[in-house]
Amino acid sequence: MKILGIETSCDDTGISIIDINSTSITILANKVNTQTIHAGYGGVFPKMAKIEHIKNIEGVYEDACVEAEYDKEKPDIDAIAVTVGPGLEPSLWVGITFAIELSKKLNVPILPVNHMEGHLLSPLLPEYEIGKEIELRKMPENAISLLVSGGHTQIVSSKYKVESSKAEYKILGTTVDDAVGEAFDKVARMMDLPYPGGPAISKLAEAGRADGNTAPSEASQKPIFPRPMLHSKDFNFSFSGLKTAVLYYIQDLQKKGPDILNKDGIKEMIACEFENAAIEVIIKKTVRAINETGSTHLLLGGGVAANKYLQSELEKVSQENGFEVYYPVKQITGDNALMIAIAGYFNSLDKKPTFDYDSLKATGSLKL
Ligand code: KG4
Ligand code: ZN
């Protein structure tokens with residue numbers, strides 16, 4: 001089945017074209033345009049994001065058609081998969097409107113996709129190469145997914161039935177305030193780093209760790225930042241208190257001298273201590289979810305999945321606890337239309353591809 005995927009839920013305009021069946025996939029095209037306009041603002045402005053999507057989507061579509069060697073007027077596709085939520089509503093409508101117009105023009109059905117299911121299924125792709133037939137990983141029968149992005153931090157259990165090719169998901173835990181990626185972004189902003197701050201923080205943290213630059217906690221044998229909800233019985237997270245603790249720590253430091261943040265090693269140390277705190281909570285809760293549900297596999301997805309420290313800590317605990325981790329390839333940790341096309345395909349297996357545009361409009365909500 002040939003599927004064109006569309007993703008516009010936040011600040012990435014993505015178009016992909018895949019040829020997929022239940023065991024393998026050929027990526028014919030995968031294009032994404034990440035909006036840079038938000039870099040100086042510390043976050044994404046929905047109205048600005050919408051305008052950028054409108055400006056970019058046609059060009060991204062044309063680039064994808066060129067990559068797939070398709071005629072943009074008559075691409076050879078069987079269905080269009082499009083993100084319908086969760087996300088920024090003005091942004092989502094750009095992709096949905098584009099999908100509706102294209103579906104009418106080509107007379108192909110639309111497969112509405114939940115963005116988080118896209119992240120959840122992204123680790124089924126074991127490698128990334130345009131034009132090559134790649135064998136997909138099989139969905140494990142009993143798995144835990146850890147979805148870590150700028151909008152979500154979720155632990156989801158999935159029970160997959162081979163006979164029906166269908167997974168039943170249950171959200172075991174979620175954040176009660178900020179998402180983990182959002183906390184990375186806000187801490188980055190406190191240290192004058194551009195948006196999105198996750199990659200910059202993790203790079204500083206890596207340097208700090210390599211230099212043994214975690215002096216305050218080592219000296220007192222006590223971490224300087226809290227591990228919120230580490231011992232709560234549920235699988236929920238909270239990152240707002242951690243973010244505020246970092247803010248107060250920086251404000252205290254600045255009393256000693258306004259330029260202290262730029263002194264040698266200070267930013268590295270703060271980034272490292274913050275990352276240690278955030279990742280420790282995520283890892284411990286995830287391992288508990290795996291052990292309590294008797295899951296054999298962990299599926300990792302979302303922008304923060306690119307974090308190297310998270311990956312190396314997961315590697316350690318997976319060996320200690322005897323479960324296997326499916327990591328997403330780097331090209332599809334952040335938002336992209338490839339994961340949306342993959343999710344659209346798996347959804348279409350037992351559902352009739354439909355798209356009830358009128359009822360979607362009537363409810364006024366895109367949240368799934
Ligand atoms: O999945 P994604 O692209 O968009 C959402 O659906 O939110 O995730 C974006 C988030 C941003 O908060 C970004 O700072 C974070 O992922 N991120 C990282 C890293 N790379 C991206 N966070 C920590 N470490 C990274 N290496
Ligand atoms: Zn996302």
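Ligands are counted one by one from 1 in listed order, and the atoms in each one are counted from 1 as well. Quick caveat: nothing in here was measured; it's all calculated off a predicted structure.
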Task: Options Val180, Asp185, Asn336, ranked by nearest heavy atom to atom 14 (O) of ligand 1, top entry - done: Asp185
Task: Met269 vs Phe274 side-chain heavy atoms within contact, under 4.5 Å - done: no
Open item on the list: Suppose I only count heavy atoms of Gly181 and a 4.0 Å limit; which atoms of ligand 1 are within that range?
Closed with: 12 (O)
Task: Heavy atom of the protein closest to atom 15 (C) of ligand 1 (residue, atom name, distance) - done: Val304 CG2, 3.9 Å
- [ ] Work out how many protein N, O or S atoms lie closer to the Zn ion (ligand 2) than 2.8 Å.
- [x] 3
TODO: Identify the two heavy atoms, one from Ala188 and one from Gly197, that lie closest to each other, and give their separation to 0.1 Å.
DONE: CB-CA, 3.4 Å
Task: Ser202, portion touching ligand 1 at heavy-atom distance under 4.0 Å - done: side chain
- [ ] Could you tell me which residues satisfy ring-ring contact (aromatic ring centres under 6.0 Å, His included) with Tyr326, sequence neighbours excluded, listed by chain and number?
- [x] His297
Open item on the list: Under a 4.0 Å threshold between the charged nitrogen and the carboxylate oxygen, would Arg209 count as salt-bridged to Glu275?
Closed with: yes
- [ ] Grab the two heavy atoms, one from Ile155 and one from Ala289, that are nearest each other, plus how far apart they are.
- [x] CG2-CB, 3.8 Å
- [ ] Within a distance under 4.0 Å of any heavy atom of Ser149, pick out the atoms of ligand 1 and give their elements.
- [x] 1 (O), 5 (C), 6 (O), 7 (O), 8 (O)
Task: Protein heavy atom at shortest distance from atom 21 (C) of ligand 1 - done: Gly303 O, 3.4 Å
TODO: Any pair with a residue in residues 123-141 that passes side-chain hydrogen bond (donor to acceptor under 3.5 Å, both in side chains), sequence neighbours left out, goes on the list, sorted by first then second residue, please.
DONE: Ser24-Glu133, Asn30-Tyr128, Glu127-Lys132
Task: Nearest non-hydrogen partners of Asn236 and Ser232, listed with the distance - done: O-OG, 4.4 Å
Task: Those atoms of ligand 1 less than 4.0 Å from some heavy atom in Gly151 - done: 7 (O)
Task: Protein heavy-atom partner closest to atom 6 (O) of ligand 1 - residue, atom, separation in Å - done: Asp335 OD1, 3.1 Å
Task: Evaluation steps, salt bridge (charged side-chain N to carboxylate O under 4.0 Å, His left out), between Glu313 and Lys316 - done: CA-CA 5 Å; Glu313 290 298 291; Lys316 275 190 222 157; 2.7 Å; yes
Open item on the list: Taking 4.0 angstrom as the limit and counting only heavy atoms of Gly150, give me the atoms of ligand 1 inside it, by number and element.
Closed with: 5 (C), 7 (O), 8 (O), 9 (C), 10 (C), 12 (O)
Open item on the list: Using a 4.0 Å cutoff against the non-hydrogen atoms of Pro196, which atoms of ligand 1 qualify?
Closed with: 13 (C), 14 (O)
- [ ] May I ask you to test the Thr175-Gln154 pair for a side-chain heavy-atom distance under 4.5 Å?
- [x] no
Open item on the list: Heavy atom to atom 18 (C) of ligand 1, shortest distance: which of Ala200, Ala306, Ser122, Gly198 holds it?
Closed with: Gly198
Open item on the list: Show me which atoms of ligand 1 lie under 4.0 Å from any heavy atom of Gly334.
Closed with: 3 (O)
Open item on the list: Within ligand 1, which atoms have a heavy atom of His119 less than 4.0 Å away?
Closed with: 1 (O), 6 (O)
TODO: Decide yes or no for Leu349 and Asn347: does some side-chain heavy atom of the first lie under 4.5 Å from some side-chain heavy atom of the second?
DONE: no
- [ ] Decide yes or no on salt bridge (charged side-chain N to carboxylate O under 4.0 Å, His left out) for Lys186 and Glu182, but give the supporting numbers first.
- [x] CA-CA 6 Å; Lys186 287 179 176 168; Glu182 193 180 352; 3.1 Å; yes
Open item on the list: For Gly118 versus Ile340, what's the shortest heavy-atom pair and its separation?
Closed with: CA-CD1, 4.4 Å
TODO: Look at atom 24 (N) of ligand 1 and say which protein heavy atom is nearest, naming residue and atom and giving the distance to 0.1 Å.
DONE: Asn307 ND2, 3.0 Å
Open item on the list: If we only consider heavy atoms of Pro199, is any one of them less than 4.0 Å away from an atom in ligand 1?
Closed with: yes
- [ ] Would you confirm whether the ring centroid of Tyr249 sits within less than 6.0 angstrom of the ring centroid of Phe225?
- [x] yes
Open item on the list: Taking salt bridge (charged side-chain N to carboxylate O under 4.0 Å, His left out) as the cut-off, I'd like each qualifying pair that reaches into residues 276-301, sequence neighbours left out, listed once.
Closed with: Arg227-Glu280, Asp234-Lys285, Glu280-Lys284, Arg288-Glu292
Open item on the list: Please list, in number order, the atoms of ligand 1 under 4.0 Å from a heavy atom of His115.
Closed with: 6 (O)
